[in-house]
Colleague: 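Attaching a single structure in structure tokens format; questions to follow.
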Amino acid sequence: MKEKKSLTRTIALCACMLAIAGVLIFRMAQLQLVHGEEYAEASQRKTLRTYDENASRGEITDRNGTALVSNSVGFALVIDYYTWDRDNQNDVILRLTDIMKEAGASYNDTLPLSSTEPFYYTYSSKDSDDGAYLYSFIADQDEWPADPAPAELIDLLCEKYGVDDSLTAAQKRTIVGVRFEMERRDFSSYTPFTFASDVDIETVSLVSERSRELPGVNIEVEDVREYETDYAAHVLGYMGLLDADEYAELKDDGYAYNDSIGKTGMEKALESYLRGIDGERSVETNIDGVILSEFISKEPEPGDNCVLTIDLDLQKAAEDALEQTILDLRASGRELRGADAEGGAVVVMDVNTGEVLALASYPTYNLSTFRQDITELNQDPGRPMYNRAVQGAYPPGSTFKMVTAVAGLEEGIITPETRIRDQGRYMYYAPDYTPACWIYNDTGGTHGNINVSQAIQYSCNYFFYEVSRLLGIDKLNEYAKQFGLGQPTGLELGEAKTNLAGPESREANGGPRWELGETIQAGIGQSEQLFSPVQICSYIATIANGGTRYRPHLLKEVWNYSYTEQLEVIEPEVVDTVQMSEETQQAIFEGMLGVTTEDGTASSRFRNYPIEVAGKTGSAQTVTGTRSAHGVFVSFAPYDDPEIAICVVGEYAGSGGNMAPVAIAVYDEYFGLNQDEPEETYEDTTNTLQGAGTGGSTVIAAEE
């Protein structure tokens, strides 16, 4: 009986095994014989994806063809949406950021929050690019507080992005920073995410070695901006990723949120020339994501090369001299005479074309290390990223007096022979208002009985008080506007809001009524006169060429990328004309020549200089008794056939004469003189001129 049961079980087991084997054989036959061709075809199915192939950006050179900004081959780490491990992306981000931190490399993370505890916001204001985007992002989230504390924001982001609570605070911050950036950059099947740009080869090697742990992270070759000079940072500018407003404005022009754009300087101004047209790269993969082939399906078109009007050697001379002059003034320790000098600017212009040959601002920064230095630069009280040459607005001081002189001569208020006796204190508005000439305040003396050329030479306030009063503010400002003062110059870099003092600007700014007595202060460059160094230089160039005001410009020529075709030449553009008779021009020229020769206010600086230079000093009072005056020095040369005009501004430099050495260094370079500066450049020197002052006093011409 037992044997019978055992046999039955054996037969049943064998039957089951045969049945299972039959099913397997049937299924294999079905797969291989019936559907074999279909499945074989599926395994070979290919997917074709298209990516943007970035076009090379145009290069920038100086007027002589010297490279200022070029391109070099670099590497970028790009996350591909199709192969990105979204289930484990937080882990992959930690691995990738650990590699970057170990290598000391930077990556894209604009979440304005400190990287370690205690957390705090790092935006400059809620209205800044990063601040504005963050609060717009917060407002888009359901049930988030409108203004979360930094630590609360970390918790909210961790919840949103599914960050493991067991991680350290620093690790959480790292993950949410990258996830926030990916969302900000619209990471999707249409837009790969550039995790890091300009990555060095050592870091690329580390990423490559661990590629299996970093699915979706690709190493791509890219063009990297190469800055060929340590000079002209404010002129050239830098690039950065698009912000929300820029993307909204430019997306219809083919820009992706991941793209870089010129942010400042000529990189921004010439964006339409420098940016090329992206091509397309097609990538063929099989069903498993393995790349089968890769090819350029649409060739990119590189951007155009731009030649600037800047002369790099002249730019170097201007920057070096400006820095050295300000440092020497600080080292002099002379209270209220420039020991508290801070920053400054230099503008050099071709008087016959409006071409800007040099444009310098101090302090400055290095474009090559800009990214690494950004935090320090933003915190520097000297504001090195502030372009004083175009963004600064300064009172011109006595450099404005040539406007008053031209207006007075052309309107017939005075002639070149008219003499006005400087009586020290101007009493027309007495007893309420009795301003005095600077020489009377300094020495108790006067400039005596002088004409307009002498008034410019000695910078006599009294003379110009009288001419300004007789002209009136409306007529004075009519000429100032013709010279471009207080008016936009049209320079590609843009410029600060400036101010031409008078009833018009006073009313526009909501100030009190303009009083007649204020006109005489406006006529000597005080009151509320505020002009940029570019405006002042353009005004001096207009005087030098006889009254033609050209639009200042920095772009000279545009060429195609291979330099085989010239696409555009920027011609001189006349924007206004100031009527100046030969008699008027000669009187102004003689006065400005007297400033640098004989016993004028800058004669000690130009003694024995081999080229005749016409100049004018200006000192603009700041906080009386507390800070040194701003110093402004303007000039043109050669005197008998002007070629270039220069404006130098020194913040709290003490006097305009203190900034004259900068102009000398520029002239040395321009005319090839290589002249050494005289010893004791900043030693105060005064010359006495025996003449008929009020009460028989001695007339003293000192540096202003």
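Count residues from 1 along the sequence.
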Colleague: Give every residue pair that meets the side-chain hydrogen bond (donor to acceptor under 3.5 Å, both in side chains) criterion with at least one member in residues 173-185, sequence neighbours excluded.
Modeller: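 side-chain hydrogen bond (donor to acceptor under 3.5 Å, both in side chains) check on residues 173-185 returns N90-R179, K101-T174, D109-R173, T110-E181, T110-R184, D130-R184, Y161-E183, E181-R185.
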Colleague: Report the residues that fulfil salt bridge (Lys or Arg N to Asp or Glu O under 4.0 Å) with D350, sequence neighbours left out, ordered by chain and then residue number.
Modeller: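 In terms of salt bridge (Lys or Arg N to Asp or Glu O under 4.0 Å), with neighbours along the sequence ignored, D350 is linked to no residue.
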Colleague: Start with the C-alpha gap between Q482 and T577, add the side-chain angles, then the distance that decides, and say whether side chain to side chain donor-acceptor pair (under 3.5 Å) holds.
Modeller: CA-CA 7 Å; Q482 289 176 14; T577 301; over 6 Å; no
Colleague: Which residues pass the salt bridge (Lys or Arg N to Asp or Glu O under 4.0 Å) test with E342, sequence neighbours left out?
Modeller: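 Only R627 meet the salt bridge (Lys or Arg N to Asp or Glu O under 4.0 Å) criterion with E342.
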Colleague: Do K263 and Y238 form a cation-pi contact, if we require the NZ or CZ to be under 6.0 Å from the six-membered ring centre and within 45 degrees of the ring's axis?
Modeller: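 Relative to the ring axis of Y238, which defines the angle, K263 lies outside at least one limit.
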Colleague: Should R225 and N71 be marked as a side chain to side chain donor-acceptor pair (under 3.5 Å) after you check the CA-CA gap, both sets of side-chain angles, and the distance that decides it?
Modeller: CA-CA 5 Å; R225 278 317 236 182; N71 299 312; 2.9 Å; yes
Colleague: Is any side-chain heavy atom of F195 less than 4.5 Å from a side-chain heavy atom of M182?
Modeller: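 Side-chain contact under 4.5 Å: no.
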Colleague: Might you work through the side chain to side chain donor-acceptor pair (under 3.5 Å) test for Y231 and D320, ending with a clear yes or no?
Modeller: CA-CA 9 Å; Y231 293 89; D320 289 345; 3.0 Å; yes
Colleague: Decide whether Q529 and Y394 meet the rule of one side-chain donor and one side-chain acceptor closer than 3.5 Å.
Modeller: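 Short answer, no.
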Colleague: Spell out, as yes or no, whether a donor-acceptor pair under 3.5 Å connects the side chain of N305 to the backbone of N560.
Modeller: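 At least one qualifying donor-acceptor pair exists.
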Colleague: Taking E271 first and then R57, would you say they form a salt bridge - that is, a charged N and a carboxylate O separated by under 4.0 Å?
Modeller: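 Salt bridge: yes.
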Colleague: Quick one: list whatever passes salt bridge (Lys or Arg N to Asp or Glu O under 4.0 Å) with E59, sequence neighbours left out.
Modeller: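 By the salt bridge (Lys or Arg N to Asp or Glu O under 4.0 Å) rule, E59 matches no residue at all.
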Colleague: Under the salt bridge (Lys or Arg N to Asp or Glu O under 4.0 Å) rule, collect the residues that match up with K251, sequence neighbours excluded.
Modeller: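 With sequence neighbours excluded, K251 shows a salt bridge (Lys or Arg N to Asp or Glu O under 4.0 Å) to no residue whatsoever.
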Colleague: Show me the pairs that pass salt bridge (Lys or Arg N to Asp or Glu O under 4.0 Å) and involve residues 551-574, at least two apart or across chains.
Modeller: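 Residue pairs passing salt bridge (Lys or Arg N to Asp or Glu O under 4.0 Å), neighbours aside: E355-K556, R551-E573.
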Colleague: Less than 4.0 Å between a side-chain N and a carboxylate O, is that true for K316 and E669?
Modeller: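 No.
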